[in-house]
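Quick notes on the structure that follows.
When reading the values below, keep in mind they use all heavy atoms of this one structure, side chains included, and skip hydrogens, waters and symmetry mates. Proteins get letters first, then strands, A, B, ... in listed order; numbering begins at 1 in each. On a predicted model such as this, the values are computed, not experimentally measured, just so you know.
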Number of protein chains: 2
Amino acid sequence: MYARDDSASAEAWQRLPESEHVEAAAESFRMLADPTRLRILWLLCGGEHDVGTLAEKVVAARPSVSQHLAKLRMTGLVAARRDGRRVVYRARGGHVRRLLREAMEAADHHLTGAPDHN
Amino acid sequence: MYARDDSASAEAWQRLPESEHVEAAAESFRMLADPTRLRILWLLCGGEHDVGTLAEKVVAARPSVSQHLAKLRMTGLVAARRDGRRVVYRARGGHVRRLLREAMEAADHHLTGAPDHN
DNA sequence: ACCATACGTGCTCATGTACGCACGCGACGA
DNA sequence: TCGTCGCGTGCGTACATGAGCACGTATGGT
């Protein structure tokens, strides 16, 4: 009933992680900190999509979506593949999926009622 | 072997969540998108801390830490309590802990070797 | 009452970034 | 070869944000 290496059990939180890890995590979070990118990633978690389809679904100009996809690609969150004259993107890594679902669940808790269960 | 309501199983990712949820999630991610706030939250996940101690441990000016704590408090990620002339902050909600650990794990994967296991 | 401590706030400066438009480039089809 | 379609890029603009200084405020000790 103690030290499940999980949520509580303050052991791990005592000392700060190395700066490189912190900055890398911050960078990942910054990629998730934009509604448009969030929607793009959400759709990409469901399967492959080309830029035009994404731009249409997230209701944004294609250049904007392209820029977002470029950033996401640089960060390694998505991967690109050519199909004819289109470029098809897909989500990359299970971490993104878990972070998205966790955030959406938190948002739901934050909106429906109780701010959070402490 | 299908529909575990988990990572894959594209069902849930087909349609975008409501805008309110997306923006709320983006806001939460924006709070986590800064190295200083990330460090502060990390320490607060391990227990209560006052502003001065936090400023000392994260190596930042006290006013800066205070501003960050204000934002985190507005977002509901941390809570404050008065103890004498100090103000003691604590983390609030298990979502933050899970997001932090998930992000740190992802950062570790991203740094040590394989960018990610697709 | 006076001083010291611990926070919070207003402010400015510098930086980062999202958006959309116009353009250039590569890939198909006639 | 020429026209069309789909993407990416270089701008400029408008906006949000982080850092630190100086100051105001509240609490507790002498």
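Counting non-hydrogen atoms under 4.0 angstrom, B/R30 reaches the backbone sugars and phosphates but no base.
Under the 4.5 Å side-chain criterion, counting only non-hydrogen atoms from C-beta, A/E102 is in contact with B/L99. Annotation: side chain of B/V65 is not in contact with side chain of B/T53 (no heavy-atom distance under 4.5 Å). Annotation: side chain of B/L43 is in contact with side chain of B/K57 (closest heavy-atom distance under 4.5 Å).
The stretch residues 25-71 of chain B participates, sequence neighbours left out, in these ring pair (Phe, Tyr, Trp, His ring centres under 6.0 Å) pairs: A/W13-B/W42, A/F29-B/F29. Here side-chain hydrogen bond (donor to acceptor under 3.5 Å, both in side chains) pairs that include residues 21-35 of chain A, with residues two or more places apart or in two chains, number zero.
Nucleotide C/dG8 holds its C1' atom 15 Å from the CG atom of B/L72, rounded to whole Å. Atom CD of B/E56 is separated from atom P of C/dC7 by 11 Å (rounded to the nearest Å). Rounding to whole angstrom units, CG of residue A/L38 and P of C/dA18 are separated by 12 Å. As a whole-Å value, the separation of A/L32 CG from C/dT17 P is 14 Å. Taking atom CE of A/M74 as the reference point, atom P of D/dG8 lies 11 Å away to the nearest angstrom. Between the CE atom of B/M31 and the P atom of D/dG18 there is a distance of 7 Å, rounded to whole Å. The CG-P distance, from B/D50 to D/dG28, rounds to 14 Å in whole Å. The distance between atom CZ of A/R86 and atom C1' of D/dC5, rounded to the nearest whole Å, is 12 Å.
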**Request:** Report the C-alpha separation of B/R37 and B/L32 in whole Å, then their side-chain angles, then the decisive distance to 0.1 Å, and conclude whether the side-chain contact (heavy atoms from CB on, under 4.5 Å) test is met.
**Result:** CA-CA 6 Å; B/R37 276 197 296 267; B/L32 299 168; over 6 Å; no
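Note on A/Y89: every side-chain N or O is 4.0 Å or more away from OP1 and OP2 of D/dG6.
Residue order along DNA chain D, read from the 5' end via each residue's closest nucleotide, puts A/V51 first among B/R37 and A/V51. Along DNA chain C, the nucleotide nearest to A/K71 and the one nearest to B/V87 differ in position, and the one closer to the 5' end is contacted by B/V87.
Remark: A/E48 engages A/R81, A/V88, A/R90 in a side chain to side chain contact (heavy atoms under 4.5 Å, CB included) (not counting sequence neighbours). With sequence neighbours left out, the ring pair (Phe, Tyr, Trp, His ring centres under 6.0 Å) criterion links A/Y89 to no other residue.
B/I40 contributes atom CD1, which lies 5.0 Å from atom CG of B/L69 (distance to the nearest 0.5 angstrom).
Rounded to 10 degrees, the angle separating the terminal axes of the helix from C/dA1-D/dT30 to C/dA30-D/dT1 is 20°, with each axis obtained from five end pairs.
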**Message:** Protein within reach of the bases, or only the backbone? For nucleotides 19-30 of chain C, mark each nucleotide 5' to 3' as B, S or -, using heavy atoms under 4.0 Å.
**Reply:** SBBB----BB--
